[in-house]
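Quick note: residue numbers are just sequence positions, from 1.
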Amino acid sequence: MKVLIGGHKQRGKDCLEAVLRKGHDVVGVLAHPGVIPSESGGELVAEALRRKVPLFQPTDVNDPDVLATLQKFSPDLIVLSGYSQIVRAEFLQLAPKGCWNLHGGKLPEYRGSSPMNWALINGDQEITLSLVQVSQGVDTGEILVERSFPVGTDETITQVQERAYSLFPEMITEALDRLDAGTLEPRHQDESRA
């Protein structure tokens, strides 16, 4: 399967490596504009360059010229991991199997920005991560895979994020395996809990 990956930092790099390990063809990498491979935060950019995967760092991923360029690579699926640009309908139409996003919170309760921070602020004893099908709403798409882990009362956001980011690659590989096997069962979010 041809996959386009959008991401940032080590989190994006780890997900790129996970997709490649599964034997999928990564046709391109989307990274934040201005990120330099030799600087902190440039892990994904450096890995894309090292592996000679086409790298794109558009200021606006929804720009018609950018979309036309990405369309030429004919991705079957798009996977986002820490990619901060809001994508529009035209972007979502690039890949027939859709666009997946890794979200650091339980859905629909923790839609939006900084879900792990809010879980800690709210005193949650467990963090749930979600892999969702991207839709036009903010974190409103169908849930594909979830992972949960306990949180200690003295854990910092940095510690929680490190644990979460280590789980993201296996969430992607699980979803890819289930997609290939025809057993991936997207689940609608319960809007009453949003």
Check side chain to side chain donor-acceptor pair (under 3.5 Å) between [X] and all other residues, then give those that pass, not counting sequence neighbours.
X	value
Asp14	Gln10
Ser114	none
Ser148	Thr128
Thr156	Gln159

What are the two closest non-hydrogen atoms of [X] and [Y], and how far apart are they?
X	Y	value
Lys97	Leu77	O-CD1, 3.7 Å
Pro58	Val66	CB-CG2, 3.8 Å
Leu4	Pro75	CB-CB, 3.9 Å
Val3	His24	CG2-CB, 4.1 Å
Gly137	Thr140	CA-OG1, 3.2 Å
Ala175	Val145	CB-CG2, 3.9 Å

Ignoring hydrogens and angles, tell me if any N or O in the side chain of [X] forms a donor-acceptor pair with the backbone of [Y] under 3.5 Å.
X	Y	result
Asp76	Met1	no
Ser81	Gly7	no
Gln125	Thr153	no
Asp139	Gly112	yes
Gln189	Gly141	yes
Thr183	Leu179	no

Spacing of [atom1] belonging to [X] relative to [atom2] belonging to [Y], to within rounding of 0.5 Å:
X	Y	atom1	atom2	answer
Gln85	Phe91	CD	CZ	9.0 Å
Leu70	Asp65	CG	CG	11.0 Å
Gln133	Glu142	CD	CD	7.0 Å
Arg88	Asp60	CZ	CG	5.5 Å
Leu144	Met171	CG	CE	9.0 Å
Leu107	Leu129	CG	CG	10.0 Å

[Y] and [X], any side-chain heavy atoms less than 4.5 Å apart:
X	Y	result
Leu120	Val160	yes
Leu30	Val61	yes
Leu80	Leu102	no
Lys13	Glu17	yes
Met116	Ile127	yes
Pro115	His103	yes

Give the cluster check for [X] versus [Y]: same hydrophobic cluster or not, with ILVMFWY residues linked at side-chain heavy-atom distances below 4.5 Å.
X	Y	answer
Val26	Phe168	yes
Val79	Leu67	no
Val27	Val53	no
Val134	Ile5	no

Not counting sequence neighbours, which residues clear salt bridge (Lys or Arg N to Asp or Glu O under 4.0 Å) with [X]? List them please.
X	result
Glu174	Arg147, Arg178
Lys22	Asp177
Glu146	Arg187

Response to the item:
Residues passing the ring pair (Phe, Tyr, Trp, His ring centres under 6.0 Å) test with His32, sequence neighbours excluded, are His8, Tyr83
Item to complete: With sequence neighbours left out, write down each residue that passes ring pair (Phe, Tyr, Trp, His ring centres under 6.0 Å) with Phe73, or none if nothing qualifies.
Response: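 Phe73 satisfies ring pair (Phe, Tyr, Trp, His ring centres under 6.0 Å) with Phe56 once adjacent residues are dropped.
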Fill in: By side chain to side chain contact (heavy atoms under 4.5 Å, CB included) - contacts of Leu55 (at least two apart)
Val29, Ala31, Val45, Ala48, Leu49, Gln57
Discussion item. Is there a side-chain contact (heavy atoms from CB on, under 4.5 Å) between Ile78 and Trp100? Walk through the geometry before answering.
Written reply: CA-CA 6 Å; Ile78 302 167; Trp100 297 351; over 6 Å; no
Worksheet item: Are Glu155 and Arg163 within salt-bridge range, i.e. N to O under 4.0 Å?
Response: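 A salt bridge links Glu155 with Arg163.
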Discussion item. Show me the pairs that pass salt bridge (charged side-chain N to carboxylate O under 4.0 Å, His left out) and involve residues 106-128, at least two apart or across chains.
Written reply: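 Only Glu109-Arg193, Arg111-Glu191 qualify under salt bridge (charged side-chain N to carboxylate O under 4.0 Å, His left out).
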Fill in: Shared-cluster residues of Ile121, by chain and number - hydrophobic side chains joined below 4.5 Å
Tyr110, Trp118
Discussion item. Quick one, Leu20 with Arg51, criterion side-chain contact (heavy atoms from CB on, under 4.5 Å). Give me CA distance, side-chain angles, the key distance, then yes/no.
Written reply: CA-CA 10 Å; Leu20 289 169; Arg51 292 182 179 262; 3.3 Å; yes
Item to complete: Apply side-chain contact (heavy atoms from CB on, under 4.5 Å) to Ile172 and Val19, showing your working.
Response: CA-CA 8 Å; Ile172 289 174; Val19 172; 3.8 Å; yes
